[in-house]
Every structure is written in C-alpha cells, then in structure tokens.
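This report refers to the structure that appears directly beneath it.
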Number of protein chains: 2
Amino acid sequence: MTTLQRRTGIALWRQVADQIRQSVLSGMTANERLPAEAELANRFGVNRHTVRAAIAALEKEGTLRAEQGRGTFLNDRRRLQYPIGPRTRFSSGLKDQSQTRTGKLLSSRTIPAPPRVAEALELPKTAEVVELSTVSAADGDPISAATSWFDASRFAAIAEHYAETGSITASLARLGVDDYTRQTTAIEARHASSEDLDLLGLSPGAIVLLTRSVDVDSAGQPIQYGESRFAADRIELLIDNRAPAA
Amino acid sequence: MTTLQRRTGIALWRQVADQIRQSVLSGMTANERLPAEAELANRFGVNRHTVRAAIAALEKEGTLRAEQGRGTFLNDRRRLQYPIGPRTRFSSGLKDQSQTRTGKLLSSRTIPAPPRVAEALELPKTAEVVELSTVSAADGDPISAATSWFDASRFAAIAEHYAETGSITASLARLGVDDYTRQTTAIEARHASSEDLDLLGLSPGAIVLLTRSVDVDSAGQPIQYGESRFAADRIELLIDNRAPAA
DNA sequence: TATGGTTGTCTAGATAAATAGACAAATGAG
DNA sequence: CTCATTTGTCTATTTATCTAGACAACCATA
C-alpha cells in the first residue's frame with residue numbers, strides 16, 4: 001500500500017494527484033468516471049478538500065474533467081511511444097500515433113564547442129559548432145525541447161534549413177547527408193527546469209526524460225550531438241530490438 | 001534563469017535542493033566546497049533557513065556533507081551507466097563500474113497472469129505466472145527494484161534458483177535457458193512510490209526510471225516480462241548501437 | 001417532482017513551511 | 001590570541017497547506 005507522507009516538502013494534494021494518476025487512472029479507460037471525491041478522500045486518508053486540490057491540478061494539466069452533479073471523468077490522453085534505435089528520427093517515429101508533427105527553431109548560434117560536445121562529435125577542442133534550440137510537437141502538443149550541436153565547418157547553414165523544413169533529417173539531406181544512424185543514446189530523468197516547464201507546457205514538479213545522443217553518417221563520422229528533454233507524462237521511450245537496421 | 005515557484009505543492013526548500021543538485025553541483029568535482037549558505041540564499045532569493053533545509057535533505061541522501069566552521073562539501077557519487085541493448089543483463093552491464101553486485105529476492109508468488117503480462121509473454125489469458133519482486137545493488141547501494149513475471153508452467157522453480165544465485169541469468173540457465181535476448185524496452189519516468197523510496201533508499205520526491213522489458217529465448221519465445229525501477233539520481237540508461245549482438 | 005448522489009463554495013481552526021533576526025560554536029589564517 | 005568566515009541553534013511572525021463542517025448547485029432517475 002502506498003501511504004502518503006508528510007513533512008517531505010511535497011504537499012499532500014500533490015502526492016494525491018500523483019497517486020491518482022498512477023494507481024487510480026491506470027486501470028481506467030477514457031471517459032470513465034472516477035470514484036467520488038468523498039471516496040477518494042477516504043481511500044487516501046485525507047480531507048476531501050485535499051482531494052479537490054489534487055483533482056484541480058489534474059484538471060489543469062488536462063488529465064481529468066470535473067462536472068458538477070455528474071462526477072469527474074478521465075480524459076483521453078494516451079502516452080505516445082517514441083522509438084529509439086539505430087534509425088531514430090523524430091518525425092517518422094511518431095508517424096502512426098499523431099496527425100501532424102512540427103519542429104520550431106527557437107534560436108541558433110555558432111560558438112566554440114563545449115568540452116562534452118567536442119568529445120561527442122570527435123572534434124578538436126578549438127572547433128566551432130552550430131547550436132540549435134528547438135521544440136517539437138505532435139498534434140499541437142509540445143513533446144520535446146532539444147538542443148543540438150553540429151560541426152560548424154561542415155553544417156554552417158543548418159539553422160536556416162531547419163527553420164524552413166522543421167526537420168533535422170530534411171536539413172541534413174540538403175547539406176549532403178543522405179543517411180545517418182543513431183550511435184548512442186544515454187537516458188536520464190530529472191525535474192523539469194522552469195525553462196522546460198514553459199517550453200513544454202508542464203506544471204511545476206513535472207518530470208522530463210533527458211536523452212543525450214550521437215548520430216553518425218554512413219562513413220561513421222559523428223555529425224550531430226543532441227540533448228532532448230521529453231515530457232515524461234506524455235511520452236515513453238521505446239527500444240525495439242526486433243527491427244534490425246535496414 | 002531558473003526561477004523558483006511558490007504555491008506549487010512543492011516546498012521551496014525541496015526546489016532549492018533540486019536546483020543545487022542540478023546547477024550548482026553539476027560543475028563541481030568531488031570534495032569541492034559549495035558556496036556559503038548565505039550566498040546560496042542570496043542567489044536563489046530565499047531565506048538562509050530554506051537553504052539549510054535543502055542542504056539537510058541533500059546531506060541525508062548522501063550527496064553533501066556540512067562541517068561547522070568549514071563549509072559544505074560535495075561527496076563523491078558518480079552516476080552509473082546501465083547499458084540497454086539486445087544482450088541486456090544486470091550483472092554484466094555494471095561489471096566495469098562496480099565491485100560487487102547483489103540481487104535479493106523480496107517475495108515470490110504464483111498468480112493468474114495480469115492482462116499486460118499475459119500479452120507480453122504471449123500466454124493465454126487464463127495462464128498462471130510466477131511473480132518475483134527483487135532488489136539489485138552495486139557496491140551495497142541499491143540500484144533497482146524490479147518485478148518480473150515468468151510462465152509458471154515452464155519456470156515454476158525460478159524463485160528458489162533466484163534466491164540462491166541472486167541472478168536471473170543464472171536461474172534461467174539452471175532451467176534450461178542457455179541464452180536469451182532483450183526484445184523490447186519501454187522507458188518512462190515517474191516520482192518514486194513510497195514503497196520504492198524505501199527499497200531504494202531515496203528521499204521523498206525522488207525520480208525513478210521505469211523500464212518495462214520483454215526477453216525472448218533463442219527460439220524467439222518470450223520468457224520474461226519485467227518492470228524495473230531505477231534510482232534516477234544514481235544511474236542513467238545507455239543505449240549503444242555500436243556493439244552488434246554477438 | 002422528489003430524492004440521493006455528486007461537485008462547488010464558504011467559514012473557521014490547526015499544522016507545516018518560509019521569513020526575519022540574533023547569537024553560539026567551530027574553523028583557519030594572520 | 002584575535003578576527004573574519006562559516007555552520008548550528010533559537011525565538012518570533014507571516015504565509016501556505018490541511019482538516020472540519022455546513023450548505024448550495026447540479027444531475028440522473030424513480
């Protein structure tokens with residue numbers, strides 16, 4: 001039994017909200033009615049007002065809707081699966097699960113390569129790189145915020161291409177990279193920074209999945225190093241070893 | 001700039017603790033001194049007592065140590081890399097990064113297969129499965145808590161073998177599975193449940209990486225479905241496509 | 001239309017978190 | 001030893017959060 005804890009720095013109503021999301025909603029289908037506030041209060045051992053605060057938060061984030069006199073209902077919000085493998089690409093990976101994918105360029109600049117970037121791209125420490133900050137969305141919902149780095153001597157114009165196409169794959173194609181594959185992906189989880197809260201439209205305390213990835217061209221030369229933050233409540237990462245690299 | 005937020009259900013001292021972990025400690029080396037409490041309070045725009053509460057929490061989780069008159073210092077705690085690929089195994093994956101690995105059996109039982117388990121293992125809905133609850137540790141630090149399911153008709157005795165060996169791979173080998181590979185791994189991130197807080201020795205509000213994985217034998221038959229929770233502040237998941245399956 | 005069940009709103013009091021200020025205790029350097 | 005710097009402890013006040021209870025508003029349906 002998952003007992004709630006006090007004096008932990010996390011308000012009870014927020015713990016209740018997390019519990020409802022995890023244990024109550026997990027066994028429910030879209031548009032199903034939740035137990036009444038009074039029953040939830042009883043089940044979690046808290047006051048009804050605390051449950052109401054939790055429900056208000058879940059309603060604000062779009063998970064639930066409360067209707068006076070009728071009850072509180074689960075909205076339809078499935079978690080997208082984002083595939084990660086040798087041929088990881090944002091747009092094609094979500095193809096089956098969403099109607100529209102957009103990539104928006106927030107900013108770009110050319111800077112001396114930070115140490116971890118130079119290492120990942122196998123560039124000398126003095127090299128310059130192009131840094132892109134982007135936000136990607138599926139069906140209008142922001143899915144990920146990413147920062148990507150490219151060798152400036154080879155991909156100086158990538159920002160302009162990305163601004164036009166909204167796609168890394170398309171931008172690289174214009175610059176002569178007909179194909180590339182994912183070399184490594186490291187995955188961490190953290191609390192979202194306030195900047196990412198804003199970019200991804202999350203509520204405070206939300207979790208992001210952070211991936212750090214290296215892509216290589218067909219010659220095995222690293223061409224992109226990227227750090228992406230995914231809204232953990234909207235997406236899961238899927239590693240499928242069944243489909244071998246084409 | 002990462003501004004702290006109020007009325008979010010997350011206490012300020014906890015937000016400060018997260019900020020210190022992320023932005024202050026990230027650029028520091030082991031045993032380095034942190035800025036003084038007064039300076040941190042000034043930097044984050046909160047009272048010194050709030051910073052002290054944050055430091056107390058980080059000290060309790062082992063990240064820092066405070067010494068009266070001298071300052072507060074960063075403890076040595078690197079994040080382990082847990083590789084995920086076609087040949088994912090707990091013990092061998094952490095071999096280079098730790099001295100000892102242990103696997104402890106918490107409980108086991110034979111139950112009718114829950115729907116998602118039956119689906120993953122390609123069993124009929126009426127099938128029975130063995131459910132193992134385990135905790136794995138590296139060098140004494142708990143790394144992951146896992147729940148695993150096996151076809152009861154094929155692996156009835158796996159609990160006993162695991163209790164003896166502390167290893168899934170070794171237990172399966174005793175039951176005639178000489179080799180197996182990882183078929184799929186889905187990754188999510190969540191707040192740790194109070195049970196996992198306990199099992200993994202985490203402080204409230206901590207994040208876990210949740211993996212749901214299917215392993216298949218050499219004939220392609222699913223043999224294990226598992227749900228593992230990793231302490232996100234101690235580990236990162238690494239997908240490396242460079243090493244092809246042997 | 002009457003009734004039971006549900007969410008919405010209000011008041012009041014108790015507990016936890018945050019701010020403010022003062023001073024003690026330990027450390028290291030001059 | 002003296003002094004500036006740092007962490008540790010204490011009191012007091014204000015602001016959030018949580019509990020408790022009552023009742024209104026709305027809905028479905030008998």
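Chain naming here is simple, since letters A, B, ... match the order of the sequence lines and numbering starts at 1 in each.
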Worksheet item: Would you say a side-chain N or O of Thr72(B) is under 4.0 Å from OP1 or OP2 of dT7(D)?
Response: yes
Worksheet item: Distance check: side-chain N/O of Arg52(B) vs OP1/OP2 of dT7(D), anything under 4.0 Å?
Response: no
Worksheet item: Once you round it to whole Å, what is the distance between P of dC18(D) and CZ of Phe44(A)?
Response: 14 Å
Item to complete: Would you kindly say whether Thr147(B) and Arg229(B) are connected by a side-chain donor-acceptor distance under 3.5 Å?
Response: yes
Discussion item. Just the rounded figure in Å: distance from C1' of dA18(C) to CD1 of Ile10(B).
Written reply: 16 Å
Worksheet item: Listed in order of residue number, which residues of residues 53-64 of chain A have a non-hydrogen atom at under 4.0 Å from DNA chain C?
Response: none
Item to complete: Answer yes or no: is there a side-chain heavy-atom contact under 4.5 Å between Tyr162(B) and Leu132(B)?
Response: yes
Worksheet item: Once you round it to whole Å, what is the distance between P of dT11(C) and NE2 of His49(A)?
Response: 12 Å
Item to complete: Nearest whole angstrom, please: distance from the P of dC18(D) to the CG of Asn47(A).
Response: 10 Å
Item to complete: Check the distance between dT9(C)'s P and Arg48(A)'s CZ and give it to me in whole angstrom.
Response: 11 Å
Item to complete: Rounded off to whole Å, could you give me the CZ-to-P distance for the Arg14(B) and dT17(D) pair?
Response: 15 Å
Worksheet item: Do any side-chain nitrogens or oxygens of Arg70(B) fall under 4.0 Å of OP1 or OP2 in dG28(C)?
Response: yes
Item to complete: Verify side chain to side chain contact (heavy atoms under 4.5 Å, CB included) between Phe150(B) and Ile168(B), making sure each step is shown before the conclusion.
Response: CA-CA 11 Å; Phe150(B) 303 84; Ile168(B) 295 281; 3.9 Å; yes
Practice prompt. May I ask you to evaluate whether Arg65(A) reaches the phosphate of dT7(C), defined as a side-chain N or O under 4.0 Å from OP1 or OP2?
Written response: no
